[in-house]
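Heavy-atom basis, side chains included; hydrogens, waters and symmetry copies ignored.
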Amino acid sequence: MWAREREEREREMALDRRDSVSSAPWRGNAAGSLFFGAAEASRKLAEYVNSVIEALSTQNGRTLASLLAISSANSFCELVASALELAKEPIKILKQVDKHAPLGDMLSNHTKCMHSYQQRRYVEAFNALEKSANMFLQEFRSWESAWAMEALHTIVYELRTLAQMADREMVANGKIPDKLKGAGSFLMKVFGALAGKGPKRVGALYVTCQLFKVYFKLGTVHLCRSVIRSIETARVFDFEEFPARDRVTYMYYTGRLEVFNDNFMGAEKKLMYALRHCHSSKRTNVRMILKYLVPVKLSLGTLPKEWLLQKYNLREYLNVVRALRRGDIKLLRHALHANEDGFLRSGVYLVLEKLEQQVYRRLMKKIHIIQKLKDPARAHQIKMEVIVKALSWLDINMDVEEVECIMAILIHKNYIKGYFSHKSKVVVLSKQDPFPKLNGRANIL
C-alpha cells in the first residue's frame, strides 16, 4: 500500500524531476557494482570534482544539478560512493573545489550523503545533506544571477525525499521522526532567499510546492497560509511568469486546501486551472487533479461522464455518480463504504458524504416528475408517505418524522423551494422553479 502511494505522490504534477543532463565524459556506465583499485578510485573522484569545478566556472546549472542528484536513477551516487571507499585522501581531492568557490566542505558533506545513501543509512545521509544544503544556500545567496537555480531545486528535492526516508528509518528503530520537519525549516530559508526582488524570484514557486508537500505529509497544512500570502499578495510576483510545471502544482495544492475548507467555488477555479495547464500526456498528473476536481464538481451539481472516470482509473467515483443521477441513497452509502479507506486518505470522504442531500434532492425531483405525469394539478404536493415508500423501495427504512427532518434541511439549504405541512404530512413545492440551481449555476441534478 505504501509503495503504491509513494509512487503516486513522488510523480505529483510532473514537477519533481527533470532529465539530468551532464556532459561529463568520465561518467560511463554507472550501473552495477563498481570495483577498482585505490589509484583508479582517486582518479574517478578527481574527475567528478573537476566536473563540478567546470560546472561552477562555466555557470552550467543543469550539469551541476545532475552532478548533485542523489535519488534519480541516472545519478552519480554509486560511482562517487564507491570511489570514496577506496580513494587515497578523498578530502584533499574534494577540497580542490575551493580553488574556484568555497564549496569544498559542501561537496565533502554532499559526497558523504551519497555514500550513506548507497549504504541505505538514510538518517546519516539526511544529516550530511542538510549540512551540505545550508553551505550551498549560503554561497547561492552571494551569486547575483540565478544560474544555479536548477541545482538548488535538485538539492531541495533531494532533501525532502531523503527526509521522508530518514523518518521511516527512525520509526523502524523506535525513534520519533523529525527529519521532514527539519527539511521544512530549510525550505523556508530557501524560500526567503528567493522571494525578494530580482531574477531569483522565479524559482520561489518550485520551493513553495515542495513546502506544500512537506506540510501535507506532516498534517500541518495551516502552515501553507503564510507562503500562499507571500506568493499571492507580493507585487514582485507575476504568477504567469513562473514555469507552467510549478503553476500547475501550486494550483493543485491550493485547490486541495480549498476543498478542505469547503470552499468549492474556489477549489473548482484552482483545480480547473491546474487541469487546463497540465499536459495531457501526463496521465498520472491529470488523474491526481481529477481525484479532487470530481468531488468538487459533484458538490456544485455537475456530474462527470462515466468514460472520463474509466479513462483515468477513477472507478471509485462511478457508483457515487450513478447514485446522484438516480437519487439512490443506498447506492451512495454502499459506494462510500466500499471506498472508505481511499476517500479518507484523500481527504474527500466528508465532502462525498454531504452529497446525500443532493441525492435526496434528485429523488424528490424524480417523484415530482412522475407525479406530474399522473396528476399535473397536484404535482407540487408530495405526500410524506410517498417519499417514505420511495425510500423503502431503495431499502432505506425511515419514518415520517425522519423524512420531515430531511425535507426541512433541503428547504433550508435551498436545494428545493417550498414548505411542508406537518399537520397534513405534505411537502408543497413551489410552482415556479421548485429545484433551483445549485450554487447559482446550471446543473443536471
Side-chain angles (χ1 to χ4, degrees), residues 2-3 6 9-10 16-17 20 30-36 38 41-42 44-45 48-49 52 64-95 97-98 102-139 151-190 210 213-214 217-218:
W2 175 85
R6 176 178 179 240
R9 290 184 179 177
E10 286 307 307
D16 288 293
R17 299 310 294 152
S20 295
S33 299
L34 301 175
F35 299 99
F36 36 67
S42 298
K44 291 287 186 182
L45 188 60
Y48 172 79
V49 172
V52 173
L64 184 60
S66 69
L67 290 164
L68 298 179
I70 296 169
S71 61
S72 62
N74 57 345
S75 76
F76 297 94
C77 195
E78 184 182 3
L79 189 146
V80 170
S82 299
L84 280 176
E85 291 182 355
L86 297 172
K88 294 180 179 180
E89 300 183 291
I91 299 300
K92 185 177 179 180
I93 296 172
L94 294 168
K95 282 287 187 178
V97 174
D98 285 335
L103 291 172
D105 289 339
M106 182 281 294
L107 194 59
S108 177
N109 280 291
H110 199 87
T111 53
K112 284 180 184 176
C113 169
M114 289 178 160
H115 184 264
S116 296
Y117 179 83
Q118 281 297 114
Q119 300 297 319
R120 298 186 179 181
R121 300 196 300 267
Y122 299 123
V123 173
E124 289 181 18
F126 173 83
N127 291 337
L129 182 58
E130 188 176 32
K131 293 177 182 177
S132 170
N134 276 287
M135 293 174 186
F136 186 86
L137 178 61
Q138 184 176 351
E139 188 65 16
L152 181 63
H153 284 175
T154 295
I155 290 172
V156 163
Y157 170 81
E158 297 292 6
L159 192 71
R160 179 185 66 82
T161 303
L162 265 178
Q164 293 181 220
M165 300 171 79
D167 277 354
R168 288 193 291 272
E169 182 181 305
M170 294 181 75
V171 170
N173 292 329
K175 297 180 180 179
I176 299 175
D178 60 358
K179 301 306 180 185
L180 191 58
K181 184 178 179 180
S185 298
F186 173 76
L187 264 58
M188 276 303 298
K189 289 198 291 186
V190 176
Q210 295 298 313
K213 294 180 183 184
V214 170
K217 184 71 175 179
L218 292 175

task: Check the pair His110 / Ile70 against side-chain contact (heavy atoms from CB on, under 4.5 Å), numbers first and verdict last.
output: CA-CA 9 Å; His110 199 87; Ile70 296 169; 4.0 Å; yes

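- In plain terms, the two heavy atoms of Ala69 and Ser75 that are nearest each other are O-CB, 3.5 Å.
- Inspection of the Asn127 and Lys179 side chains reveals an N or O donor paired with an N or O acceptor under 3.5 Å.
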query: Does the pair Glu85 and Gln118 meet the rule for a side chain to side chain donor-acceptor pair (under 3.5 Å), with working shown?
result: CA-CA 12 Å; Glu85 291 182 355; Gln118 281 297 114; over 6 Å; no

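- A side chain to side chain contact (heavy atoms under 4.5 Å, CB included) with Ser108 is found for one member of Ile91, Val97, Ile93 and no other, namely Ile91.
- What you find for Leu64 and Val52 is that their closest heavy atoms are CD1-CG1, 4.1 Å.
- Taking both residues in full, the closest heavy atoms of Ile155 and Ala133 are given as CG2-CB, 3.6 Å, listed atom of the first, atom of the second, then distance.
- Across Ser42 and Lys88, no two heavy atoms sit closer than the pair OG-N, 3.0 Å.
- For the pair Ala128 and Cys113, the tightest heavy-atom approach, listed with the atom from each and the gap, is CB-N, 3.7 Å.
- Here the closest heavy-atom approach between residue His115 and residue Leu84 is recorded as CB-CD1, 4.1 Å.
- We find the CZ-OG distance between Phe126 and Ser116 to be 13.0 Å, quoted to the nearest 0.5 Å.
- Side-chain contact between Thr111 and Tyr48: present, with at least one pair of heavy atoms (C-beta onward) separated by less than 4.5 Å.
- At distances below 3.5 Å, at least one donor-acceptor pair connects side-chain atoms of Glu169 with backbone N or O atoms of Tyr122.
- Annotation: the span from Phe136 atom CZ to Leu68 atom CG amounts to 6.5 Å, rounded to 0.5 Å.
- Note that CG of Asp98 and CG of Asp105 are 6.5 Å apart. Values are rounded to the nearest 0.5 Å.
- With hydrogens and angles disregarded, no donor-acceptor distance shorter than 3.5 Å links the side chain of Asn109 to the backbone of Lys131.
- Remark: Leu129 CG to Met106 CE distance equals 10.5 Å, nearest 0.5 Å.
- Side-chain atoms of Glu158 come within 3.5 Å of backbone atoms of Ser71 as a donor-acceptor pair (strictly under, hydrogens ignored).
- To the nearest 0.5 Å, atoms CE (Met165) and OH (Tyr117) are separated by 4.5 Å.
- In this structure the side chain of Met170 reaches within 4.5 angstrom of the side chain of Asp178, judged on heavy atoms.
- With hydrogens and angles disregarded, no donor-acceptor distance shorter than 3.5 Å links the side chain of Tyr157 to the backbone of Gln210.
- Taken to the nearest 0.5 Å, the SG atom of Cys77 stands 12.5 Å off from the CG atom of Leu67.
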